[in-house]
**Student:** 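This is the structure, below, for whatever I ask next.
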Amino acid sequence: MTQHGHSHRHYNEAMLSVEDALERILGYFDVLDVEEKPILDAVGQVLAENATSRFNIPPMDNSAMDGYAVQATDVQGASAESPVTLSVIGSVAAGSLPTETVRPGTAIRIMTGAPVPDGADSVVPFEDTDEVERRDAGRSMDEVDIRFAVQQGADIRPAGEDVREGDLVLEKGAVLRPSEIGVLASLGYHTVKVVRKPVVAILSTGDELLEPGDEFGAGKIYDSNSYSVAASVQRYGGTPLMLGIARDNLESMNAKLQEGLESDILITSAGVSKGDYDMVKDVLAQHGKIDFWSVRMRPAKPLAFGVLTAPDGRQVPHLGLPGNPVSAMVAFEQFGRAAIHKMLGKSGFQKPRIQAVLDEPIHNFDGRRVFARAIITKENGTYHARLTGNQSSNLLTSMARANGLAICPEDLPVKEAGEVVEVQMLDWPEEVF
Ligand code: AMP
Ligand code: MG
């Protein structure tokens with residue numbers, strides 16, 4: 001591999017594939033420790049205990065309908081023309097227990113979810129009785145006409161149909177989606193043990209940066225990287241810790257890095273391209289070790305990765321993203337997201353990948369893997385990818401227009417229009433799928 005003209009011999013700089021860079025980075029992360037929290041606060045986190053049931057769900061045989069609990073043999077010959085009249089000996093609502101037993105010739109009024117009384121083996125829904133007409137006519141409700149024969153077991157939901165006492169219902173390692181949160185609630189869990197969320201310290205660097213909200217100034221730009229990265233951290237289940245902006249000087253960098261040591265990972269942006277190497281390297285070297293890598297990808301070739309050592313000896317991994325806003329986001333998607341997922345116990349989580357027909361070529365000038373910002377649509381059942389236009393890595397609005405990254409492999413000088421391209425979806429918009 002030929003090196004670039006301006007070589008930085010005093011850095012351990014290697015040209016790494018995306019996979020090699022990812023593997024090296026993930027080697028520094030482990031699944032985090034366990035926290036116990038209210039179930040609703042645990043959405044998206046990974047279960048750190050087996051959830052078993054102390055009881056049956058439903059707890060007892062219960063009615064699937066509002067109707068009458070009967071003995072099926074009593075109503076065998078019932079029809080609209082020759083209904084069977086039963087005497088109504090009681091009523092049972094959801095949440096209460098029946099006090100009577102159904103015997104031949106009798107029925108008990110029963111509501112959905114109410115326990116089936118002893119003696120009854122089936123439920124006749126109201127619509128198969130004269131319940132409504134009888135009530136409207138002001139006739140006695142002590143009797144009911146059954147107009148339909150039912151099978152034994154009809155409209156009875158058996159005890160333990162959903163969950164049996166002692167069942168392992170959710171296994172350690174399960175990701176808690178809304179349905180799992182509901183299942184935990186049904187088991188009576190109020191709090192749950194999950195893998196803790198990583199705290200991700202986020203730091204932007206540069207003398208040119210303004211805080212959004214600051215007055216606009218000539219020669220300055222607003223810091224967008226802190227925000228796009230923090231929003232991504234939130235999306236993937238981490239907790240961002242906003243450190244703000246470090247200026248391009250030792251004192252400022254040092255102060256901010258100290259704050260970054262309170263985290264599970266520090267993510268910085270900028271200062272890893274050639275011009276800024278020295279200062280950042282010197283500062284980071286005081287706190288730990290750092291490697292500057294060239295990753296065989298476009299955008300986001302320059303990447304820094306290292307480990308900071310906190311005063312208490314704890315090691316805090318540091319991911320240094322490139323400064324250009326698109327590069328920062330694309331590098332975060334490939335490396336930062338994977339690190340967060342690993343800490344959360346979601347190893348191997350991928351963004352959805354699809355195959356699309358490419359509507360215009362992707363050029364690959366220098367043997368890197370190209371992640372082209374693309375707009376994916378579905379036409380006549382086929383995915384199509386077109387590019388967002390100019391692919392310069394400073395054009396952040398192009399990222400806002402894209403819903404996927406179309407990938408041209410590193411060994412291919414061009415991916416032609418009409419060829420099938422792999423796309424890493426950034427989003428999964430409903431209007432497309
Ligand atoms: P650098 O790596 O410091 O040379 O930065 C590369 C480019 O990214 C420059 O044009 C910077 O102005 C820009 N940049 C760096 N940090 C940010 C940021 N936090 N938000 C937006 N642009 C940035
Ligand atoms: Mg800079």
Side-chain angles (χ1 to χ4, degrees), residues 4-8 11 13 21 200-235 238 240-257 259-260 263 265-285 290-295 297-306 318-337 368 371 373 388 390-402:
H4 357 75
H6 37 266
S7 88
H8 295 258
Y11 305 120
E13 184 176 301
V200 181
I202 297 166
L203 177 63
S204 284
T205 65
D207 285 342
E208 74 278 33
L209 300 178
L210 297 171
E211 258 313 328
D214 285 354
E215 197 172 331
F216 190 72
K220 307 287 186 187
I221 57 170
Y222 286 114
D223 167 18
S224 59
N225 290 348
S226 288
Y227 291 86
S228 58
V229 170
S232 303
V233 166
Q234 274 178 346
R235 164 182 272 194
L241 173 65
M242 299 292 262
L243 301 185
I245 299 162
R247 298 306 171 191
D248 290 323
N249 63 69
L250 294 176
E251 298 68 38
S252 180
M253 282 282 292
N254 266 318
K256 289 293 185 184
L257 285 177
E259 294 177 46
S263 66
I265 176 178
L266 168 67
I267 299 185
T268 59
S269 70
V272 293
S273 54
K274 309 296 173 209
D276 289 335
Y277 264 26
D278 282 326
M279 205 265 320
V280 176
K281 180 184 186 285
D282 290 346
V283 175
L284 290 166
I290 184 89
D291 287 324
F292 292 90
W293 298 341
S294 286
V295 182
M297 66 189 284
R298 176 189 292 277
K301 177 172 140 187
L303 194 76
F305 189 78
H318 164 229
L319 177 64
L321 303 173
N324 274 312
V326 175
S327 309
M329 286 196 77
V330 171
F332 178 86
E333 278 291 335
Q334 308 312 315
F335 307 116
R337 181 196 50 71
R368 294 193 247 163
F371 291 87
R373 277 143 274 164
T388 56
N390 187 335
Q391 294 287 307
S392 297
S393 60
N394 56 323
L395 305 175
L396 184 54
T397 55
S398 66
M399 209 51 196
R401 281 196 301 283

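Just so you know, ligand 1 is whichever comes first in the structure, and atom 1 is the first atom listed for that ligand.
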**Student:** Is it the side chain, the backbone, both or neither of Asn394 that has a heavy atom closer than 4.0 Å to ligand 1?
**Tutor:** neither
**Student:** Hey, which of Ser393, Ser228, Ser224, Ser269 is the one that makes side-chain contact (heavy atoms from CB on, under 4.5 Å) with Pro325?
**Tutor:** Ser224
**Student:** Considering only protein heavy atoms, which is closest to atom 23 (C) of ligand 1, and at what distance to one decimal place?
**Tutor:** Gly323 O, 3.4 Å
**Student:** Side chain, backbone, both or neither: which part of Ile245 has a heavy atom under 4.0 Å from ligand 1?
**Tutor:** neither
**Student:** With a 4.5 Å cut-off on side-chain heavy atoms, are Met242 and Ser226 touching?
**Tutor:** yes
**Student:** Of the protein's non-hydrogen atoms, which lies at the shortest distance from atom 18 (C) of ligand 1, and what is that distance?
**Tutor:** Asn225 ND2, 3.2 Å
**Student:** For atom 9 (C) of ligand 1, what is the nearest protein heavy atom, given as residue, atom name and distance?
**Tutor:** Glu208 OE2, 4.2 Å
**Student:** Are Arg373 and Ser398 linked by a side-chain donor-acceptor pair shorter than 3.5 Å?
**Tutor:** yes
**Student:** Once rounded to the nearest 0.5 Å, what's the spacing between atom CZ of Phe216 and atom CD1 of Ile221?
**Tutor:** 9.0 Å
**Student:** Has ligand 1 got any nitrogen or oxygen that is less than 3.5 angstrom from a nitrogen or oxygen of Pro325?
**Tutor:** no
**Student:** Specify the protein heavy atom at minimum distance from atom 4 (O) of ligand 1: its residue, its atom name, and the distance to 0.1 Å.
**Tutor:** Ser273 OG, 3.2 Å
**Student:** When you compare ligand 1 with Asp223, is there at least one nitrogen or oxygen pair between them that comes in under 3.5 angstrom?
**Tutor:** yes
**Student:** Looking only at heavy atoms of Ser224, does any of them come nearer than 4.0 Å to an atom of ligand 1?
**Tutor:** yes
**Student:** With rounding to the nearest 0.5 Å, note down the distance linking OH in Tyr222 to CD in Glu211.
**Tutor:** 10.5 Å
**Student:** Quick one: CD on Glu259 to CG on Leu203, what's the gap to the nearest 0.5 Å?
**Tutor:** 8.5 Å
**Student:** Work out which heavy atom in Gly206 is nearest to a heavy atom in Ile245; give both atom names and the distance.
**Tutor:** O-CG2, 3.7 Å
**Student:** For atom 3 (O) of ligand 1, grab the closest protein heavy atom and report residue, atom and distance to one decimal in Å.
**Tutor:** Asp276 OD2, 2.9 Å
**Student:** Looking at Ile221, which atoms of ligand 1 are within less than 4.0 Å of one of its heavy atoms?
**Tutor:** 12 (O), 21 (C), 22 (N), 23 (C)
**Student:** Mark the output for Gly206 as yes if a heavy-atom distance to ligand 1 is under 4.0 Å, and as no if none is.
**Tutor:** no
**Student:** Which of the atoms of ligand 1 are close to Ser204, meaning less than 4.0 Å from one of its heavy atoms?
**Tutor:** 19 (N)
**Student:** Drop me the distance from Leu321's CG to Thr205's OG1, to the nearest 0.5 angstrom.
**Tutor:** 10.5 Å
**Student:** Using only atom types and a distance under 3.5 Å, with no angle test, would you say the side chain of Arg368 pairs donor to acceptor with the backbone of Pro299?
**Tutor:** no
**Student:** Can you tell me which residue and heavy atom of the protein come closest to atom 7 (C) of ligand 1, and the distance to 0.1 Å?
**Tutor:** Asn324 OD1, 3.5 Å
**Student:** Any nitrogen or oxygen of Ala270, side chain or backbone, less than 3.5 Å from one on ligand 1?
**Tutor:** no
**Student:** Check whether any side-chain heavy atom of Leu396 sits under 4.5 Å from a side-chain heavy atom of Met329, and report yes or no.
**Tutor:** yes
**Student:** Which ligand 1 atoms are under 4.0 Å away from a heavy-atom of Gly271?
**Tutor:** 1 (P), 2 (O), 3 (O)
